[in-house]
Amino acid sequence: MKRRKPERGADVMSKKEKIPRQNMPEQDPMVRSKNFDEVPLGYTEEQALLEAGRCLQCKKPQCIEGCPVDVDIPGFIKLITEKDFTGAARWIKGTNSLPAVCGRVCPQESQCESLCILGKKGEPVAVGRLERFVADYERNTGAVQVPETPAPSGKRVAVVGSGPAGLTVAGDLVKCGHKVTIFEGLHKAGGVLIYGIPEFRLPKDIVDAEISYLEKMGVEVVTNAVIGRGKTVDDLLNDGFDAVFLGVGAGAPVFMNIPGENLSGIYSANEYLTRSNLMKAYRFPEYDTPIARGKNVAVLGAGNVTMDSARTALRLGAENVSVVYRRTEVEMPARAEEVHHAKQEGVQFKLLTNPVEYIGDENGWVTGMKCIQMELGEPDASGRRSPVPIKGSEFVLDVDMVVVAIGTNANPVVPVTTPGLETNKWGYIVVADGETGRTSREGVYAGGDIVTGSATVILAMGAAKKAAKAMDEYLKNKK
Amino acid sequence: MNRIVNNTQLSENVFRMIINAPLIAAKRKAGQFVVIMTEEKGERVPLTIVDSDIDAGTVTIIFQVVGKTTMCLAAMKEGEDLFAVLGPLGTPTEMENFGTAVVVGGGVGIGVAYPIIKALKEAGNKVIAIIGARTKDILILEDEIQKTCDKLIVSTDDGSHGVHGFVTNVLQDLIDSGEVVNRVYAIGPVIMMKFLCEVTRPYKIKTIVSLNPIMVDATGMCGACRVAVGGETKFACVDGPEFDGHGVDFDLLMNRLRMYNDEEEEARKGCRCHE
């Protein structure tokens with residue numbers, strides 16, 4: 001199908017600024033903190049039209065510069081103003097295969113929307129909400145069409161990991177005519193979109209739909225395949241795969257290594273969220289996997305995963321949930337929207353506070369967390385003022401459950417089982433440059449968290465797009 | 001999906017299942033395990049690979065019915081499919097000719113001990129096996145192990161078969177008899193492994209234990225299976241499941257294994273497999 005390029009032209013600009021940025025309806029905080037249904041409810045058609053009408057259709061759109069995968073933002077918004085919602089969704093899918101996901105979890109406020117010209121004086125166009133609207137419209141109206149793929153190139157690609165990076169590479173390469181097989185270690189594909197991000201922020205039906213779209217395009221998905229344990233990367237190359245993409249994520253949890261950290265009731269965020277999201281422990285006993293339901297819960301850290309864990313604990317019946325962070329709100333890496341949602345739902349924030357030790361009962365279950373108060377000192381390597389403990393300020397927080405959500409490290413399974421694959425001192429895979437994702441092994445490319453360390457869905461997708469382009473070049477030139 | 005080739009009851013609560021899994025059969029080494037899910041709503045349960053047949057493309061597991069998942073596994077029949085089988089996982093048993101190796105298996109742990117006995121024998125060791133159970137009727141794999149090892153000593157708590165007593169006593173007697181033991185493997189209930197380590201500690205005989213903490217992904221991602229060894233936190237799924245027993249904090253392991261006792265009871269009651 002040949003797509004029509006939407007015309008771009010600024011007209012009747014003066015009237016547009018009068019329409020305010022459209023708020024997206026949300027579940028009431030007191031209701032939603034008791035269920036796992038999605039929090040924001042999405043735009044109505046009327047709202048989408050009003051919001052799309054705010055776009056100035058700039059001749060030199062800045063917003064695209066802010067998008068890691070170069071979505072033609074004014075282009076799809078123009079199609080919305082023409083009420084061609086399905087066309088708008090397909091227009092995005094030309095460059096971004098996961099719009100329903102990105103419309104929900106991208107930090108638009110620091111990407112496309114941060115560069116919107118309307119944001120200079122007022123509020124930027126709600127690009128993310130519009131992206132979500134058209135992707136949902138296409139899916140919910142059954143209008144999803146599988147694009148025709150070109151003639152088979154005869155080349156086979158193995159994609160290791162089915163998270164955002166792997167899905168993006170798979171989508172881009174299958175569109176180039178290559179035969180793509182994704183290998184996923186868990187029993188369900190989607191990576192962090194499935195095990196990490198909760199249902200209330202990213203419904204799993206949406207991820208399933210995106211994966212089934214790839215399958216319809218011809219991508220094969222093999223689950224229960226931990227590359228490095230069963231087959232190795234070399235096995236894949238020997239089995240006839242012409243190239244391999246490693247998008248295995250940064251899956252190893254980080255703990256603080258403080259006394260008492262192995263007491264029962266203390267989870268890594270990876271475990272807590274995997275139990276709830278992948279294993280659906282929040283629906284125990286319908287699902288077999290259990291999860292602790294703490295009454296007084298502390299969640300350590302300040303990223304999006306911290307907020308996801310804290311909000312999950314509330315939904316599992318906690319009376320008090322505290323985010324415990326050693327710096328202040330200014331330094332929090334979580335999206336402002338996530339912090340806002342958490343606060344609305346009743347999550348408390350204990351800032352400038354750092355745990356130093358856990359206290360347990362006779363059964364080895366955590367009952368308290370000894371903390372110390374911090375103050376901000378000189379800026380550290382990250383440019384943020386580093387927290388310094390205040391002597392004598394220790395106190396004990398009563399807790400019966402703790403989630404440690406302070407980051408992740410590289411999982412060494414693939415690197416250590418792939419001879420000649422260069423990694424850095426933290427175990428992340430070294431790539432020749434960010435434009436190609438080429439590793440030290442010929443035909444092996446990498447992208448996403450296993451290269452950069454923990455980052456966002458969209459940055460992994462951006463790296464994957466570049467790697468896919470380089471891989472396509474490599475495959476075309478390969479005999 | 002992996003097809004069940006055979007499911008045989010070995011004793012009152014212990015079953016041996018043979019599963020079609022050609023890749024795992026070809027790749028696995030002694031000491032490694034698989035994660036099994038019976039159905040999509042099920043738990044991910046780690047079970048040691050007891051044996052494999054590369055030509056038939058099968059792996060063997062031995063399990064004791066303790067909770068809902070193993071109840072369901074026990075009820076599954078030849079020709080049915082498991083929802084997921086993942087593996088081989090974990091670090092294989094360190095294997096070389098150590099001299100004389102004593103492998104102690106207790107209860108269902110005898111199943112886990114069996115592949116280690118075989119591998120040690122193939123590596124040229126003199127292998128003495130000590131297997132024990134509460135009573136004769138629940139002792140498993142006696143014939144198989146008899147054929148594999150150099151010497152087998154059987155014990156039962158009630159004296160219904162072999163030596164009357166615990167495997168710890170048998171090991172102590174063996175050491176007292178002047179047998180030079182270069183390495184001990186202790187596999188069974190946590191409390192048994194803890195006391196076997198106390199038997200060997202005064203003699204500084206390196207004692208390897210195989211730990212069975214709760215796991216979720218079992219690929220190093222979640223840390224549910226963390227154990228303390230020599231004061232350091234290790235993940236049993238990737239760093240283990242075998243560790244130097246003299247450094248293991250067994251009390252911590254026992255506490256962590258009890259973490260979901262209430263939920264496990266609730267799930268067992270809700271299980272309809274045997275109706």
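Only a predicted model underlies this, so the values are computations on that prediction, with no experimental measurement involved. In what follows, chains carry the letters A, B, and so on, assigned in the order in which the sequence lines appear, proteins first and then strands, with residues in each chain numbered from 1.
Comparing B:G67, B:G42, B:G223, B:A267 by heavy-atom pairs within less than 4.5 Å of chain A, the highest count is held by B:G42. The most heavy-atom pairs under 4.5 Å with chain A, out of B:G87, B:G270, B:P88, come from B:P88. In terms of non-hydrogen atom pairs under 4.5 Å with chain B, the most contact-rich of A:G249, A:P290, A:G251 is A:P290.
Residue pairs meeting the salt bridge (charged side-chain N to carboxylate O under 4.0 Å, His left out) criterion with at least one member in residues 14-23 of chain B, sequence neighbours excluded: B:R16-B:E144.
No part of B:I24 comes within reach of chain A, as not one of its non-hydrogen atoms sits under 4.5 angstrom from that chain. Contacts between B:M221 and chain A at a heavy-atom distance below 4.5 Å involve backbone atoms as well as side-chain atoms. For A:V226, the parts lying near chain B are the backbone and the side chain together; criterion is any non-hydrogen pair under 4.5 Å. Neither the backbone nor the side chain of A:A281 comes within less than 4.5 Å of any heavy atom of chain B. When heavy atoms are compared at a cutoff of 4.5 Å, B:V35 does not approach chain A at all.
Contacts of A:V324 classified as side chain to side chain contact (heavy atoms under 4.5 Å, CB included), with partners at least two apart in sequence or in another chain: A:A298, A:L300, A:S322, A:K350, A:T353, A:P355, A:M369, A:L397. By the ring pair (Phe, Tyr, Trp, His ring centres under 6.0 Å) test, B:F250 is found to be paired with no residue, residues two or more places apart in sequence or in another chain being considered.
Taking both residues in full, the closest heavy atoms of B:G220 and A:P253 are given as O-CD, 3.6 Å, listed atom of the first, atom of the second, then distance.
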Distance-only donor-acceptor screen, chain B against chain A, under 3.5 angstrom:
unit_1, atom_1, unit_2, atom_2, d
B:K27, NZ, A:G230, O, 3.4
B:K27, NZ, A:D235, OD2, 2.6
B:K41, O, A:D288, N, 2.9
B:K41, NZ, A:E286, OE2, 2.8
B:R44, NH1, A:H187, ND1, 2.8
B:K68, NZ, A:D288, OD1, 2.8
B:G90, O, A:R229, NH1, 3.3
B:T219, O, A:N411, ND2, 3.1
B:M221, O, A:N270, ND2, 2.7
B:C222, O, A:S268, OG, 2.6
B:R226, NE, A:N262, OD1, 2.7
B:R226, NH2, A:E261, O, 2.8
B:R226, NH2, A:I266, O, 2.8
B:T233, OG1, A:N262, ND2, 3.0
B:R256, NH1, A:N262, O, 2.8
B:Y260, OH, A:Y267, OH, 2.6
B:Y260, OH, A:R275, NE, 3.3

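Atom CD of B:E96 has more than 12 neighbouring heavy atoms from other residues, nucleotides or ligands inside a 6.0 Å radius.
A distance of 11.5 Å separates CG in A:L273 from SG in B:C222, rounded to the nearest 0.5 Å.
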